Amino acid sequence: MAVLERLWRSLSAGTRPAGGVLPPTRKSQTRDLGIRTPPLPARVTLWLEDGRDQPWREVQPIVKPGQYVRAGEPVARAVGHLALPVHATISGHVSALFMHDESAPDGQHRPAVVIESDGASQHHWLPPLDWQGAAPGEIIQRIADAGIAGMGGGGFPAHLKVRAARQAGIDTLVVNAAECEPYLSADDQTLRQHTDRVLSGAAMVAHATGAGSIVIGIEDDKPEAASAVQARLGELPCPARLEVIPTRYPSGGERQLIERLLGRRLASDQLPVDAGVLCHNPGTLAAIHDAVALGKPMIERTLTLAGRALARPGNVTARLGTAIEHLLQDAGLDRARLSRVIEGGPMMGQAIESLDQPITQTTNGLIAADAAELPTPPPARPCIRCGDCQPACPAGLAPQQLWWHAQAGEDHKAEANGLFDCIECGACDYVCPSHLPLANGFGEAKQRLRTARAESARADQARHRFEARQAREQREAAEREARRQARRQAAARRGQQRDASSAKDSSADTKATANVADVRGLRIAQAAAKAAARKAEKALERAAQQQQSADVLADLETQLDTARQHLAAADARLKAARQEETRP
């Protein structure tokens, strides 16, 4: 993560606001240049996964190589719970379809649909929806069909957030217009030039969730956007207000913004909906307006192109899947000056390995920096225990303590000290005189904990399956033994029938003995079935308490249902055997 100039450190500790830092904003490169539309690319590459390789984000292609598609037509359908449909962003022919087993060895070819443009700009939208007369479920389904993800950086499906907010009964929709990362000004320009789209999208979301009010939070370095929004607030169908907050990174953090605007503090295990709040950024709301009012699926987004290696920086509305190099070349890329390209802002963004990489819904900015603009951080030195990181942390944590635990592999101790409250904003990195990669270290510790929990869940699931199989095998063995006993007794009964004078007495004795053996075996089978059902119930309870994934819970519920069915069958067989035993 890049280290910016430390201009703010001249401020006295007594005058600094609590939490956060004041890096140079550097938004003047792009903030007053409006939004332009670059030329359509000759080719787009639409990724079918986000690099996390999670089954609940899986999508499935529905097109074939050579097929003609128009912009807005779906090319992949959602399969996993957190997946979104993918739409063609240009018109043309599908030239390639990369799947997992076709990926290149170097890993640069993710599963993707590649479309070659025909230059005709043909499109196919969904039918417009009268949102004021539509049911909330219709609006939520339209957001899902349009494939809209949150454009603030997380990329979480927008319709799932809206649905969860409606189910939770929220009271406030927060429009996160802080855009606190240096360089980035896409949301600022969207608010200034497309105020009506953003506020209309906010009204649609408020209608779909039942929110009674709208609060728009914006930093004070965006006066033009604030004025544009203030002038249109009266057009909203519900109470709305604009809150201008001091410019300070990371004021756009969801939890930090909610606390600043509404005074509601969230615990580490809480989501905004738990506090009666839903957050969306201006770009997401504008896309929701387009999807509902125009029927336009998610095929483009506005992003910032900045950095000293560009002759024409600014904000552009580009088609998803466009190669980064295409956008930078249109912005006048000077390769001789280029040191590196950062996707996102310099505080939380990531360095781009290849300019052939396409932009996605979460690409809110590209910074083509020269060596002096975003220098490579110096080598890390040992922590000097200065404590500068603690007042900079917007979550009120002690990064120094977390760092020691993370480096020692004591991830559970780090968790106990609030590890998962860390938003990995990089404020602690920014002030650290030892140039320690604190945020990266905390991210790695979180990932280790998540991996360990996932492995533990898989181990528990495997153990439950093994125990269920053992119980089933024991039950089946007991039933087989009961049947063998019955057959042996029947054979003995037939042998005793040779003695005609004592046939009745012998037959009665054999029948009684067979019944006794049969009942004994079925009692054993019933006990095994009860044990299996109890184990399945306890396994499901443990998984629910540990908040395991939906797939794990569904598998354990299936095991419990099967165990209960076996128990019911064993009870029925035992009851029948006892009735047979009591017959004269």
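All figures in this text were calculated on a predicted structure; none of them were measured in a lab.
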task = Hey, could you give me the CD/CG distance between Q390 and L402, rounded to the nearest 0.5 Å?
result = 9.5 Å

message = Please report the interatomic distance CE(M204) to NE2(H289), rounded to the nearest 0.5 Å.
response = 5.0 Å

query = Nearest 0.5 Å, what's the CG-OG1 distance between D220 and T247?
reply = 3.5 Å

ask   = Is the shortest distance from a Lys or Arg side-chain nitrogen in E254 or K161 to a carboxylate oxygen in the other one below 4.0 Å?
value = yes

message = Before you tell me yes or no, could you show the steps for E243 and R260 under salt bridge (charged side-chain N to carboxylate O under 4.0 Å, His left out), namely the whole-Å CA-CA distance, both residues' side-chain angles and the distance that decides it to 0.1 Å?
response = CA-CA 10 Å; E243 291 285 345; R260 177 166 291 186; over 6 Å; no

query = Heavy atoms, side chains only, cut-off 4.5 Å: are L84 and H159 in contact?
reply = yes

key: Distance-minimising heavy-atom pair for H194 and I35   = CD2-CD1, 4.1 Å

ask   = Are a donor atom and an acceptor atom from the side chains of T317 and T37 found within less than 3.5 Å of each other?
value = no

ask   = Taking R197 for the side chain and P282 for the main chain, is one N or O donor matched with an acceptor at less than 3.5 Å?
value = no

key: Side-chain donor/acceptor of R312 to backbone N/O of D330, under 3.5 Å   = yes

query = Is there a donor-acceptor pair under 3.5 Å between the side chain of T284 and the backbone N or O of M151?
reply = yes

task = State, with a plain yes or no, whether a side-chain heavy atom of P358 is found less than 4.5 Å away from one of V44.
result = no

ask   = Is the side chain of K27 donor-acceptor paired with the backbone N or O of E181 at a distance under 3.5 Å, no angle test?
value = yes

request  = Indicate yes or no for a side-chain donor-acceptor contact from R166 to the backbone of A208 under 3.5 Å, with no hydrogens or angles considered.
outcome  = yes

ask   = Between L294 and P128, what is the shortest heavy-atom contact and its length?
value = O-CG, 4.2 Å

query = Between the main-chain N or O of A267 and the side-chain N or O of R255, is there a donor-acceptor pair closer than 3.5 Å?
reply = yes

key: Summary of ring-ring contact (aromatic ring centres under 6.0 Å, His included) pairs that have at least one residue in residues 253-273, sequence neighbours excluded   = none

key: Worked verdict on Y183 versus T30 for side-chain contact (heavy atoms from CB on, under 4.5 Å)   = CA-CA 8 Å; Y183 288 93; T30 60; over 6 Å; no

key: Pair D274-R264, salt bridge (charged side-chain N to carboxylate O under 4.0 Å, His left out): steps then yes or no   = CA-CA 10 Å; D274 297 323; R264 304 177 189 179; over 6 Å; no

ask   = Which value, rounded to the nearest 0.5 Å, describes the distance between M348 atom CE and D429 atom CG?
value = 11.0 Å

request  = Ignoring hydrogens and angles, state whether a donor on the side chain of T302 or Q189 is under 3.5 Å from an acceptor on the partner side chain.
outcome  = no

task = Indicate yes or no: at least one non-hydrogen side-chain atom of L160 is less than 4.5 angstrom from one of H81.
result = yes

task = Before accepting this row, confirm whether a basic side-chain N of the pair D411/R450 lies closer than 4.0 Å to the acidic partner's carboxylate O.
result = no

inquiry  = If we ignore hydrogens and angles and just use 3.5 Å, is the side chain of T209 paired with the main-chain N or O of V205 as donor and acceptor?
reply    = yes

ask   = Under 4.5 Å between any side-chain heavy atoms of H124 and H87, yes or no?
value = no

Check against side-chain contact (heavy atoms from CB on, under 4.5 Å), Q122 and E73 = CA-CA 10 Å; Q122 298 293 319; E73 288 188 8; over 6 Å; no

task = Mind listing the closest non-hydrogen atom pair of Q361 and R301 along with its distance?
result = O-NH1, 2.5 Å

message = With a 3.5 Å distance limit and no angle check, can you tell me whether Y430 reaches the backbone of M347 through a side-chain donor-acceptor pair?
response = no

key: N315 (side chain) donor-acceptor with A186 (main chain) under 3.5 angstrom   = yes

message = With a 3.5 Å distance limit and no angle check, can you tell me whether H207 reaches the backbone of A134 through a side-chain donor-acceptor pair?
response = yes

message = Looking at every non-hydrogen atom in both residues, tell me the closest pair between V244 and A226 and how far apart they are.
response = CG2-CB, 4.4 Å

